[in-house]
Amino acid sequence: MYVLCDCNNFYASAERLFKPALRGLPIVVLSNNDGCVIARSQEAKDAGIKMGDPAFMVHDLIKKFNIQVFSSNYVLYGDMSERVMHNLSRWFVTVIPYSIDEAFGWAGGIMNLKDYAITARTSIIKNTGIPVSIGIAPTKTLAKLANKLSKANGGTLVLETDAEITAALKDFPIEDLWGIGRQYYQKLSQMKITTVAELRDLPELWFKQNMTVQGQRMWNELWGRPMLQLGELPPTAKGLSVTRSFSGYVMEPDILCEAVTTYASRLAEKLRNEKMCCQFLEVFLLTNKHREDHPQHYPKHVHKLTIASNSTTEIVSVANRVARMLFSPGIKYRKAGVIATGLIPEGDLQFHLFKEHTNNADQVSAVIDKLNMAYGRGTLRMASEGFEKKWKLKHEYLSGGYTTRWKDLIKVR
DNA sequence: TCTGGGGTCCTAGGACCC
DNA sequence: TCTGGGGTCCTAGGACCC
């Protein structure tokens, strides 16, 4: 049986955990740049704040209901996530994180699954302070569905028999099903299909023809036939990227390069963290797609590295060159990104037949990592990242690093 | 004025090969 | 009058996830 455990209102729950005075008050967490709402406590949902609402458009609601606003604090969420995952793996075997706030797992050979799920949930909540929900079923798709239903069922739900599964599908709205997004929802609505029970009764061929093989897999999973494996540990990423919006518009190549340098060096750090090198480096620029009155420009270029690399100096110099080439004067840029693909493990590096390989660049990177590990990120960095950082993200409502920074430790007394 | 960031998988179509 | 069949690789775009 597949298990899906997820954290309820994760970011909002994590913020509230370290500010107990906020218990019962509505909370929202904003995306990077304080752009839009990406997490809400139950109270904020009740107040009418929707997922993805731009912050400036819900300003009045925030005032009216005294909603507490936070910028996203990924250091805090990442650390809390690890704690939840760790606790979860004490109860279920092969726990595979699916996102920052949920994980799949396997439950085999357990006598009374329903009681077991309740005990596991209680323990995880007690140890982490984060409320979680647990769904268990014969396939991943059904486990996701059970998880969603569990929230109105005291936080756990086990679907074991065919009768239980059929009953669960009966009133389950298709738009809440894993794998049904906006487009498929619209298409199905036009066919007057509204519940998963109705969906499951369509012929298999329909899924293949209208929703590719992914839809076909979903259909089988709904009938209790597992098509999706738990996955490997750790799942090896296909690509890594760092992309950010600017706080304002960028129109000068030098400023743009400061930002791209910063993203590129973060990317190099991420690669080294994963012990991977990239063979390709893509750089892209973006204008504000919400403004129809501005000329739009979204150039991109993929550069093939002669030798795969994860060194800060190399990645930064390539990214900078490409960014300068893509830049076009008179355009108001809003966002830029650097993407590493063609990842290979550090150990499998293929050197150049005719070029001598020196590891100077790698030594520089090693020194950067060592100093930044000891004294904090950004202690040693590339000068081309600039000093003023006018383009830098907004983070007006950032909470503390309660679990990762000594000076932010909560004082009990 | 102000609208996130990081991913995955799949398909169609074009360019090319013999 | 009538112009094949079997591939590969790459890119763009569309759908989805949290």
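By convention in this document, chain letters (A, B, ...) are assigned in the order of the sequence lines, proteins followed by strands, and residues within each chain are numbered from 1. What you are looking at is a predicted structure, and each value in this text was computed from that prediction instead of being measured.
Here chain A contacts DNA chain C (any atom closer than 4.0 Å to a heavy atom, that is under 4.0 Å), and the contacts span dA12(C) to dC18(C) from 5' to 3'.
Relative orientation of the Trp219(A) and Phe207(A) rings is tilted, given thresholds of 30° and 60° on the angle between their planes.
Using a 4.0 Å heavy-atom distance criterion, Leu30(A) is classed as making no nucleic acid contact. At the heavy-atom level, Lys144(A) lies under 4.0 Å from the strands shown only through sugar-phosphate atoms. Within the nucleic acid shown, Tyr263(A) has no heavy atom closer than 4.0 Å to any nucleic acid atom. Contacts of Ile100(A) with the nucleic acid, taken as non-hydrogen atoms under 4.0 Å apart, are absent. Within 4.0 Å of Asp101(A), counting heavy atoms only, lie sugar-phosphate atoms of the nucleic acid but no base atom. No engagement by Lys394(A) is indicated, since no non-hydrogen atom pair under 4.0 Å with the nucleic acid exists. The residue Leu177(A) sits close only to the backbone: its heavy atoms come under 4.0 Å of sugar-phosphate atoms, none of a base. Backbone-only contact: Asn32(A) has heavy atoms under 4.0 Å from sugar-phosphate atoms and none from a base. Gly239(A) comes within 4.0 angstrom of the backbone, heavy atoms only, and of no base.
Residue Tyr185(A) places its OH atom among 12 or fewer non-hydrogen atoms of other residues, nucleotides or ligands, all under 6.0 Å distant. More than 12 heavy atoms of other residues, nucleotides or ligands lie within 6.0 Å of NZ in Lys151(A), so this atom counts as buried by the packing criterion.
Ion pairing between Arg266(A) and Glu269(A) holds under the 4.0 Å rule for side-chain N and carboxylate O.
Shown here are the salt bridge (charged side-chain N to carboxylate O under 4.0 Å, His left out) partners of Lys114(A), two or more places apart in sequence or in another chain: Glu160(A), Glu164(A). Checked against salt bridge (charged side-chain N to carboxylate O under 4.0 Å, His left out), Arg321(A) has no partners two or more places apart in sequence or in another chain. Remark: Arg291(A) pairs with Asp293(A) by the salt bridge (charged side-chain N to carboxylate O under 4.0 Å, His left out) rule, at least two apart or across chains. Every residue was checked against the ring pair (Phe, Tyr, Trp, His ring centres under 6.0 Å) condition with Tyr184(A), not counting sequence neighbours, and none meets it.
Contact of the Phe327(A) side chain with the Tyr333(A) side chain is registered, since non-hydrogen atoms from C-beta on lie closer than 4.5 Å.
In terms of position on DNA chain B, the residue among His290(A) and Ser241(A) whose nearest nucleotide sits closer to the 5' end is His290(A).
Looking at DNA chain B, the stems built from 3 or more consecutive Watson-Crick or G-U wobble pairs, each pair with its key distances under 3.5 Å, are B:5-18 with C:5-18.
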